Amino acid sequence: MGTATLILGDSGTGKSTSMRNIDPELTMLVKPVGKPLPFKSKDWLPWDSEKKTGTVVATDKSDAIVNVIKWAHHLGKRIVIIDDFQYVMSNEFMRRSDEKSFDKFTEIGRHAWDIIKAAQDAPDDLRVYFMAHTEETAMGRVKMKTIGKMLDEKITVEGMFTIVLRTLTRDDQFFFTTKNNGADTVKSPMGMFDANEIDNDLAFVDATICDYWGLSNVHNLKESAA
């Protein structure tokens, strides 16, 4: 059983930057949106399917992302990161915007479910991190951004994760929150994190998860960026 973690936050609040200390040689990064990483990333090379080398896979297709998760472990990877996960859904919605049937919402929800289920069904020491934007409901609750009310009725995304973190910015510093504030969907297992706020360092999060569940943490933690 793989470990799936959801990290939520508005654009520009430190989700992608949190990858800065992750070892790219042991990581597959799925990018549904073609934009540069917000840190020096010369070692994050495009995936070469012939040579089976590289780190970054540019795709927003659910079946391709499922295959990345399924094959990552065989390729010697231990971490899969899906950046801007909500665009997997919204891009498909835009491609199918001419369709009149509401069935497309159910199908888009199913495709998102397929990806999360693939992460859950992965080998024990594979960690899959989903980065996604947030939205506020009419009741004032902050949740993952999806494609409308109909999709939310088909799949409660946060319910498929044991760990949901959320970005926090304060005084030009970036953090992850680890505990629910009563108006969001943040959660983490009892005793996993010592503090309600931690540095937005995905390598630290990954090492903590590995230590908590006794997983093999083989990637090298690099020094924090200055």
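Computed from a predicted model, the values in this text were never measured in an experiment. The chain is numbered in sequence order, starting from 1.
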- request: For the residue pair Ile115 and Ile69, establish whether any side-chain heavy-atom pair is separated by less than 4.5 Å.
  value: yes

query: If you measure from CD1 on Ile22 to CG on Asp43, what distance do you get to the nearest 0.5 Å?
result: 13.5 Å

- prompt: So how far is it from Thr3 OG1 to Leu126 CG, rounded to the nearest 0.5 Å?
  reply: 8.5 Å

task: Calculate, to the nearest 0.5 Å, the distance between atoms OH and OG1 belonging to Tyr129 and Thr27 respectively.
output: 9.5 Å

Under the salt bridge (Lys or Arg N to Asp or Glu O under 4.0 Å) test, residues paired with Glu135 that sit two or more places apart: Lys143

Step-by-step side chain to side chain contact (heavy atoms under 4.5 Å, CB included) determination, Lys15 to Leu202: CA-CA 9 Å; Lys15 297 187 303 300; Leu202 190 60; over 6 Å; no

query: For the residue pair Ser18 and Phe176, what are the closest heavy atoms and their distance?
result: CB-CZ, 3.5 Å

Same apolar cluster (I L V M F W Y, side chains within < 4.5 Å links), Leu45/Ile81: no

- prompt: In Å and rounded to the nearest 0.5 Å, what is the CG to CG distance from Asn181 to Asn196?
  reply: 10.0 Å

- prompt: If you link I, L, V, M, F, W and Y whenever their side-chain heavy atoms are under 4.5 Å apart, who else ends up in the same group as Met190?
  reply: none

- prompt: So, does Ser101 use its side chain to make a donor-acceptor pair with the main chain of Asp103 at under 3.5 Å?
  reply: yes

- request: Verify side chain to side chain contact (heavy atoms under 4.5 Å, CB included) between Thr134 and Met144, making sure each step is shown before the conclusion.
  value: CA-CA 4 Å; Thr134 55; Met144 178 181 153; over 6 Å; no

message: Could you work out, with ring pair (Phe, Tyr, Trp, His ring centres under 6.0 Å) as the rule, every residue matching Trp213, not counting sequence neighbours?
response: none

query: How would you list, by chain and number, every residue that makes a side chain to side chain donor-acceptor pair (under 3.5 Å) with Ser11, sequence neighbours excluded?
result: none

All N/O donor-acceptor pairs, side-chain side in residues 31-42, below 3.5 Å, sequence neighbours left out:
unit_1, atom_1, unit_2, atom_2, d
Lys31, NZ, Lys35, O, 2.2
Lys35, NZ, Asp84, OD2, 3.1
Ser41, OG, Phe39, O, 3.4

query: Would a 4.5 Å heavy-atom cut-off, applied to side chains only, mark Ile163 and Ile209 as touching?
result: yes

query: Quick one: do Asp114 and Lys61 make a salt bridge, cutoff under 4.0 Å?
result: no

query: Tell me, do Thr167 and Asn200 make a side-chain contact under 4.5 Å, heavy atoms counted?
result: no

statement: Of all heavy-atom pairs linking Met131 and Gln86, the shortest is O-OE1, 4.1 Å

query: Considering all heavy atoms of both residues, which atom of Pro24 and which atom of Thr55 are nearest to each other, and what is their separation?
result: O-OG1, 2.7 Å

query: Mind checking what makes salt bridge (Lys or Arg N to Asp or Glu O under 4.0 Å) contact with Asp121, not counting sequence neighbours?
result: Lys117

Partner set under ring pair (Phe, Tyr, Trp, His ring centres under 6.0 Å) for Phe161, not counting sequence neighbours: Phe130

- request: Specify the closest pair of heavy atoms between Val68 and Val30, including all atoms of both residues, with the distance to one decimal.
  value: CG1-CG2, 3.9 Å

message: Applying side chain to side chain donor-acceptor pair (under 3.5 Å), can you list everything that pairs with Asp83, at least two apart in sequence or on another chain?
response: Ser16

task: Say whether Val57 and Leu75 are linked into one hydrophobic cluster, either directly or through other cluster members, by side-chain heavy-atom distances under 4.5 angstrom.
output: yes

message: Main chain of Ser49, side chain of Lys52: is a donor-acceptor contact present, judged purely on distance under 3.5 Å?
response: yes

message: Could you check whether atom NZ of Lys179 has more than 12 heavy atoms from other residues, nucleotides or ligands sitting under 6.0 Å from it?
response: yes

query: Atom CZ in Phe193, atom OG1 in Thr208: separation rounded to 0.5 Å?
result: 5.5 Å

message: Hydrophobic clustering (ILVMFWY, side-chain heavy atoms < 4.5 Å, transitive) - are Val128 and Met1 grouped together?
response: no

- request: Please answer: with hydrophobic residues joined when any side-chain heavy atoms are less than 4.5 Å apart, are Val157 and Trp113 in the same cluster?
  value: yes

query: What pairs with Asp10 under salt bridge (Lys or Arg N to Asp or Glu O under 4.0 Å), at least two apart in sequence or on another chain?
result: none

- line: Residue pairs passing the salt bridge (Lys or Arg N to Asp or Glu O under 4.0 Å) test with at least one member in residues 183-192, sequence neighbours excluded, are Arg166-Asp184

field: Closest contact, heavy atoms only, Gly12 versus Phe174
entry: O-CE2, 3.7 Å

- request: Using a cut-off of 6.0 Å, state whether more than 12 heavy atoms not belonging to Glu25 lie near its atom CD.
  value: no

message: More than 12 heavy atoms of other residues, nucleotides or ligands under 6.0 Å from CZ of Phe175: yes or no?
response: yes

- request: Return the minimal non-hydrogen interatomic distance between Ala72 and Met28, and the atom names on each side.
  value: CB-CG, 4.2 Å

Validation: residues 93-100 side-chain donor-acceptor distances under 3.5 Å, sequence neighbours left out:
unit_1, atom_1, unit_2, atom_2, d
Arg95, NH1, Asp60, OD1, 3.3
Arg95, NH1, Asp60, OD2, 2.9
Arg96, NE, Glu99, OE1, 3.3
Arg96, NE, Glu99, OE2, 3.0
Arg96, NH1, Glu92, OE2, 2.9
Arg96, NH1, Glu107, OE1, 3.0
Arg96, NH2, Glu99, OE1, 3.1
Arg96, NH2, Glu107, OE1, 2.3
Ser97, OG, Met94, O, 3.0

message: Would you say Val66 ends up clustered with Tyr87 if hydrophobic residues are merged whenever their side chains have heavy atoms under 4.5 Å apart, either directly or through other cluster members?
response: no

query: Is there side-chain contact between Ile79 and Leu26, with heavy atoms separated by less than 4.5 Å?
result: no

query: In the hydrophobic cluster built from side-chain contacts under 4.5 Å, what are the other members alongside Met139?
result: none

statement: Value for CG (Leu165) from CG (Leu8), rounded to nearest 0.5 Å, stands at 8.5 Å

task: Taking atom types as modelled, find out whether His73 and Asp125 have a side-chain donor-acceptor pair closer than 3.5 angstrom.
output: yes

